[in-house]
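Notes for the one structure printed next.
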Protein chains: 2
Amino acid sequence: MAPESSSGGRRSDAQRNRSRILEVAYRAFSDDPDVSLNSIAKLVGVGAGTLYRHFPTREALLLAVYQEEVEQLVGSVDRMLEHEEPLDAFRSWARKLAAYARIKHGIGEALTSPEAQEVIGATWTPVSRAIARLLAAAAERGEVREGVDPDDVILLLSALWRVPEGEAGLAQADRLLELIVDALRPRTGVQVRPPK
Amino acid sequence: MAPESSSGGRRSDAQRNRSRILEVAYRAFSDDPDVSLNSIAKLVGVGAGTLYRHFPTREALLLAVYQEEVEQLVGSVDRMLEHEEPLDAFRSWARKLAAYARIKHGIGEALTSPEAQEVIGATWTPVSRAIARLLAAAAERGEVREGVDPDDVILLLSALWRVPEGEAGLAQADRLLELIVDALRPRTGVQVRPPK
DNA sequence: ACCTGAACACCGTTCAAGT
DNA sequence: ACCTGAACACCGTTCAAGT
């Protein structure tokens with residue numbers, strides 16, 4: 001009858017549920033960003049209470065779902081800096097972030113809503129650090145000024161995924177990105193050639 | 001028994017309802033931006049269907065409520081241009097818009113959500129024109145470059161009202177506004193003194 | 001014509017009862 | 001310990017019935 005054998009005990013099925021919820025939620029959010037939590041629970045085959053036990057708010061679930069991918073995006077910074085000029089790397093990376101936020105509608109909100117900033121940090125902070133690294137690399141070449149707050153840049157970048165869908169929107173996003181890059185340039189206005 | 005006397009007929013009570021809904025909704029939204037439409041209908045003392053007849057979506061009601069005030073804000077542009085240097089007028093006006101959007105939470109969404117842009121225009125367009133006027137005045141002095149799309153500027157400005165509440169947020173908004181102004185400066189980088 | 005308000009199919013969230 | 005799922009108090013929206 002051995003009610004408890006090793007240290008873990010019953011913990012395993014809870015962990016199993018957690019990962020199944022994440023898996024199903026990922027697809028559900030992709031289909032429809034406004035999908036209800038109840039319906040996700042039903043899809044998983046789990047009681048609503050179980051979902052709420054693991055993820056107390058919609059935002060908590062949303063972030064857990066996308067955190068891994070955000071980390072991947074964040075992790076791509078170093079590689080990009082090796083293959084591109086810093087400012088181009090910044091542009092490419094910003095475009096990737098925007099494309100991601102445009103598709104995964106929820107994540108954009110999480111990156112700009114003041115409330116979310118306080119609660120999470122888990123998504124915000126890595127993104128902020130990634131931008132800091134890109135800006136630092138560009139600043140070293142004198143292509144952007146120093147001391148720009150990366151959090152300010154996130155907020156400016158959020159314009160990129162608020163653009164309307166379609167081709168006109170993409171063109172607008174390109175213009176916006178150039179405006180943002182201009183905003184970051186050194187104040188002198190004298191174009192500095194990077195040293196060979 | 002004269003079922004219809006003049007041309008208007010029964011139209012007047014519908015009009016009355018419309019304005020009462022707007023009046024009550026204004027206060028209700030001020031108290032709580034997420035207030036339900038049903039509860040507004042109840043506050044007005046009107047059937048839910050009546051509210052929906054006048055304003056088919058939440059956004060429609062929200063915009064109707066704030067349209068008058070937006071117009072007032074838009075109307076203040078000319079006066080500001082008379083009393084301030086164009087670029088300062090732009091700064092002041094942007095701050096006003098941001099403060100307004102920060103308080104009337106809904107309006108910020110209406111000014112940046114792509115869906116809203118298509119549906120409405122009634123709020124978007126005047127704001128866009130106001131910014132165009134400010135930019136044109138500044139461009140005449142050579143303080144900003146020409147050909148900047150005012151809609152791009154709205155999207156950039158939206159960063160101002162996504163800032164967290166409190167003092168830190170206001171400081172961030174100030175930094176952001178300066179970054180945006182920098183983004184609009186002439187590309188030459190040579191500071192042009194306005195002619196006396 | 002316009003309005004009412006009950007009714008419908010949901011929603012997020014909780015919590016007693018089970019194992 | 002953890003899970004279930006009925007239940008609660010809502011929500012937006014519709015539409016037959018009234019005037």
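Just so you know, these numbers come straight off a predicted model, no measurement behind them. First the proteins, then the strands, lettered A, B, ... as listed; each starts at 1.
In this structure, A:R102 contributes its side chain and A:L160 its backbone to a donor-acceptor pair below 3.5 Å. A donor-acceptor contact shorter than 3.5 Å links the side chain of B:R20 to the backbone of B:V44. In this structure, the side chain of A:R185 does not engage the main chain of A:V144 through any donor-acceptor pair within 3.5 Å. Counting only distance, with no hydrogens or angles, the side chain of B:W93 and the backbone of B:L73 share a donor-acceptor pair below 3.5 Å. No donor-acceptor distance shorter than 3.5 angstrom exists from the side chain of A:R162 to the backbone of B:L155, with no hydrogens or angles considered.
Taking atom CG on B:N17 and atom C1' on C:dA1, their separation rounds to 13 Å, with Å as the unit. Going from atom CZ of B:R53 over to atom C1' of C:dC2 covers 5 Å, rounded to whole Å. The distance from atom CG of A:L51 to atom P of D:dC3 is 11 Å, rounded to the nearest whole Å. Between the C1' atom of D:dC3 and the CZ atom of A:R20 lies a distance of 12 Å, rounded to the nearest Å.
For A:E69, the CD atom counts as densely surrounded, since its 6.0 Å shell holds more than 12 non-hydrogen atoms of other residues, nucleotides or ligands. More than 12 heavy atoms of other residues, nucleotides or ligands lie within 6.0 Å of CD in A:E178, so this atom counts as buried by the packing criterion. Heavy atoms of other residues, nucleotides or ligands lying less than 6.0 angstrom from CZ of A:R129 number 12 at most.
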Q: Report, as a single string ordered 5' to 3', how protein heavy atoms within less than 4.0 Å touch nucleotides 11-16 of chain D: B base, S sugar-phosphate only, - not at all.
A: SBBBB-
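The side chain of A:H54 places no N or O atom within less than 4.0 Å of a non-bridging phosphate oxygen (OP1 or OP2) of D:dC2.
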Q | Pairing annotation in dot-bracket form, given for DNA chain D with Watson-Crick or G-U pairs under 3.5 Å and | for cross-strand partners | A | ||.|||||...|||||.||
